[in-house]
Amino acid sequence: MAKKKYYVVWMGHVPGVYTAWPTAKQQIDGYKGAKYKSFPDRAQAEAAFRRGFGSYLKQSLGTKASKSSHPRTRPSAVPSSETIIGKSISVDAACSGNPGKMEYQGVTTVGKRQIFHQAFPLGTNNIGEFLALVHALAFLQKQEQPDLPIYTDSKIAMGWIKKGKCKTTLVRNAKTELLYQTIEKAEAWLKENTVTNPILKWKTKVWGEIPADFGRK
RNA sequence: ACAU
DNA sequence: GCATGT
Ligand SMILES: [Mg+2]
Ligand SMILES: [Mg+2]
């Protein structure tokens, strides 16, 4: 039989030392950012509880203990990607017809204040999303804001930026020649510059439409 | 299927 | 329902 364990809940509905997992779990379930860990005996548990989570964690991290023995933070509190970073900009593209008349814009994520906007007589949704991202990157570099994140809802455009290449299928002809030259300029920018700003996926299903959305769907 |  | 993309 395994020896009975003790459960410290530093932060939860009712913090304290618990002698059974089900009761400890009650204290952390539904508590955002709960801090807790199990201990092999009562003395260690009570000492850790009295020291407080911060002090205990510091010591634990400075030691060669296995990762799994560090104190826990409830997963639902961790997901940085689950929280909208307000200090950021958001971009989006739209077209009427695809391919069709295309435009893109960048706005402040909070307040939706427009930062840039461009329109083209013919383009695709994905080209627009791609150009919007490069426009945002160049703009933030000029503003010396290399850490400000950029939100996009386009998986495709994120991939093209990573590749440094706009992998469009749009026909290149007289009607698209100017757009293609813009694309080549954008690709050249990516080749000559380092992408420093985090490019983050906007979670439309969770958060609703991206702030830069044109609202025409 | 997923993201537009 | 159509199209752009991985
Ligand atoms: Mg979009
Ligand atoms: Mg949109």
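Residue numbers begin at 1 in each chain, while the letters A, B, ... track the order of the sequences. All of these numbers come straight from a predicted model, not from anything done at the bench.
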### Query
Atom CH2 of Trp189(A) and atom CG of Leu131(A): how far apart are they, to the nearest 0.5 Å?
13.0 Å

### Task
Indicate yes or no for a side-chain donor-acceptor contact from Gln27(A) to the backbone of Val14(A) under 3.5 Å, with no hydrogens or angles considered.
yes

#### Entry: Spacing between Lys203(A) atom NZ and U4(B) atom P, to the nearest angstrom
12 Å

### Query
Along DNA chain C, 5' to 3', what are the outermost nucleotides having an atom less than 4.0 Å from a heavy atom of chain A?
dA3(C) to dT6(C)

### Ile156(A) side, atom CD1; Lys167(A) side, atom NZ - distance, nearest 0.5 Å
9.5 Å

### Query
Just how far is it from atom NZ of Lys37(A) to atom OH of Tyr7(A), taken to the nearest 0.5 Å?
10.5 Å

### Message
At a heavy-atom distance below 4.0 Å, what parts of residues 105-132 of chain A sit against RNA chain B?
### Response
Asn125(A), Glu129(A)

### Query
Under 4.0 Å: is that the gap between some side-chain N or O of Lys205(A) and OP1 or OP2 of A3(B)?
yes

### salt bridge (Lys or Arg N to Asp or Glu O under 4.0 Å) against Lys217(A), all qualifying residues, sequence neighbours excluded
Glu209(A), Asp213(A)

### Option among Thr109(A), Asn197(A), Ile85(A) that satisfies the side-chain contact (heavy atoms from CB on, under 4.5 Å) test with Leu148(A)
Asn197(A)

### Query
Expressed in angstrom and rounded to an integer, what is the separation of Met158(A) atom CE from A3(B) atom P?
13 Å

### Task
Respond yes when some side-chain nitrogen or oxygen of Thr204(A) is under 4.0 Å from OP1 or OP2 of A3(B), and no when none is.
no

### Query
Can you check the Lys201(A) NZ to C2(B) P distance for me, whole Å?
13 Å

### Task
Look only at the side chain of His135(A) and the backbone of His117(A), and say whether a donor-acceptor pair between them is shorter than 3.5 Å.
no

### Message
Any carboxylate oxygen within less than 4.0 angstrom of a Lys/Arg side-chain nitrogen, looking at Lys32(A) and Glu82(A)?
### Response
no

